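Working notes for the structure below.
Remember, it's 1-based here, ligands and their atoms both numbered in the order they're listed. Since this is a predicted model, take the numbers as computed values, not measurements.
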Amino acid sequence: MQRRNFLKLSGLSVGAAVSGSSIAGLLVSTTSCKKEHHIGLMTSPVTVTEGNFSKPLSFPAQAGINQTLTAQATAANLNGSTIPVLGYQPNSLLGPTFRVNNGSAVNIFLQNNLSEHTNIHWHGLKIPALMDGHPDQLAMAGGTFRYQFTINQRAGLSWYHPHPHENTGKQVFQGLAGLFIINDAEEAALNLPSGQYEIPLVIQDKRITTTGIAYNPSMEEVMAGYMGESIVVNGIHSPFAEVATRYYRLRMLNGSNARLYNLAFSNNTDMIIIGNDGGLLKNPVTVKDILIAPGERLDVLVNFSGVPVGTELFLVSKEFAHGGTAQGKQSFNILKFKVAVALTDSFTVPASLSVINSIPASSAVKTRLFDISNAMEHHGVPMNNGMQMRHRINGKLFDSSRIDENVSANTTEIWVFDNSKGDEPHPMHLHGVFFQVLDRTGGRGDKIASESGWKDTVLVMPGETVRVLVPFENNKGKFVFHCHNLEHEDDGMMLQYQLS
Ligand code: C2O
Ligand code: CU
Ligand code: CU
């Protein structure tokens with residue numbers, strides 16, 4: 001959405017408090033539409049405020065194949081005071097971290113003790129449509145839902161979160177999410193750092209007030225996505241972790257609603273990427289920084305050997321380009337590492353991690369084009385019909401009674417996400433399937449280091465068009481695909497495909 005144009009056209013100034021309904025009214029009266037860029041009205045980024053990095057990093061409880069998850073109002077200590085939040089654990093944000101082996105039969109009972117409906121989507125799990133947490137499949141307030149499925153996929157880091165249409169953003173932001181780790185024999189044979197040397201990190205931003213985690217997006221914040229001033233890791237604001245002088249495996253999820261992070265280390269140490277959304281890469285890739293969008297995961301090795309005991313360093317987010325008006329303009333610290341123990345470690349990074357067969361583009365039987373630019377001059381959507389202020393895919397808003405794409409089982413397709421005319425980042429996510437990123441044109445111009453192997457979410461920056469190869473298997477049913485900026489998703493930037 002080109003909010004600068006909108007603001008000009010509607011005569012609003014930034015900061016004006018206007019409700020959604022009066023916006024619609026203003027738009028109806030807007031009769032002309034000229035494309036004018038950079039007229040000086042911009043969404044200002046939410047500035048990150050760091051804490052003092054004095055609280056130890058901790059980890060959610062672990063869960064296995066049988067678990068009850070109670071979605072509930074609870075409390076958490078953030079910034080020194082205990083405030084109301086949501087969680088699946090009795091005393092904290094987030095839910096337990098599942099750790100299961102490939103092949104396991106899983107039985108998870110959701111008890112909804114919220115005062116509104118919810119459900120759970122298993123983001124990254126290839127499971128039947130009726131277990132996937134489709135927005136139609138809900139547990140009403142006080143109700144329950146039983147999730148039963150068998151894990152049939154390679155090792156990797158997935159996660160879970162609510163998916164009730166128009167309420168996903170609020171429920172996730174206020175604390176409902178968790179990790180789901182799958183292990184298998186291929187991964188075990190690599191002898192990667194494990195136990196205390198394998199650190200799961202859920203990176204999120206929150207808006208912490210004395211009365212709770214505020215979630216009340218303005219019109220502008222629906223446009224850019226809702227961001228918080230406080231970066232929390234595993235539900236803890238500005239934490240620290242003590243480490244030894246050896247290799248660690250950091251398993252990171254960007255569980256934020258809208259914020260992108262350009263992850264790096266303050267001492268510029270190498271990050272060795274070994275995995276992403278869909279598990280291990282074929283070979284490790286060494287980078288100094290890497291962008292991670294909401295919904296994406298990264299599996300990274302970092303070597304603290306050679307760092308003198310007593311050193312303090314940070315996992316940071318660096319500034320980055322192409323982030324639209326609201327992202328990438330600030331660098332900030334996320335997590336402090338205190339190198340506390342000298343250790344010698346014999347681990348060497350395997351040169352080869354896994355077998356990934358690249359899908360030939362020529363095997364695709366169909367190409368589908370998705371316009372995600374949301375430009376005001378969107379073809380097919382008139383300029384003056386009062387509906388411009390919504391995020392759409394191909395001009396359409398989510399409608400659970402409409403199948404947007406019919407896909408044949410066991411065929412490979414190319415899906416094209418075209419944000420070439422857009423001015424906002426859109427991390428696009430498909431349920432029920434993993435894909436390979438074929439190419440990116442415009443913007444960053446190429447695939448980035450974490451985009452080999454298997455993905456379920458791909459970031460499409462302003463100006464970019466990204467093509468992905470999707471091998472649909474035999475998991476028939478109705479699945480959604482959407483932007484994982486949760487304000488965009490709740491605003492309607494979600495469609496459905498039927499695999500049959
Ligand atoms: Cu993590 Cu449909 O999303
Ligand atoms: Cu998902
Ligand atoms: Cu989006």
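Listed by chain and number, the residues in a salt bridge (charged side-chain N to carboxylate O under 4.0 Å, His left out) with Asp491 are Arg390 (sequence neighbours excluded). Residues forming a side-chain contact (heavy atoms from CB on, under 4.5 Å) with Asn183 (at least two apart in sequence, or on another chain): Arg99, Asn101, Ile181, Glu187.
Among the backbone and side-chain atoms of His484, none of the N, O or S atoms lies under 2.8 Å from the Cu ion (ligand 3).
Judged purely by distance below 3.5 Å, without hydrogens or angles, the side chains of Tyr261 and Ser256 pair a donor atom with an acceptor atom. With no hydrogens or angles considered, a side-chain donor-acceptor pair links Asp418 and Thr465 at under 3.5 Å.
Around atom 1 (Cu) of ligand 1, the protein contributes the following N, O or S atoms under 2.8 Å, ordered by chain and number: His123 ND1, His161 NE2, His484 NE2.
Here the side chains of His429 and His482 are in contact, with some heavy-atom distance below 4.5 Å.
Under 4.0 Å is where a charged nitrogen must lie from a carboxylate oxygen, and between Glu413 and Lys366 no such pair does.
Angle ND1(His488) to the Cu ion (ligand 3) to ND1(His426), rounded to 10°: 100°.
Within the structure, salt bridge (Lys or Arg N to Asp or Glu O under 4.0 Å) contacts touching residues 115-135 (residues at least two apart or in different chains) are Glu116-Lys170, Lys126-Glu473.
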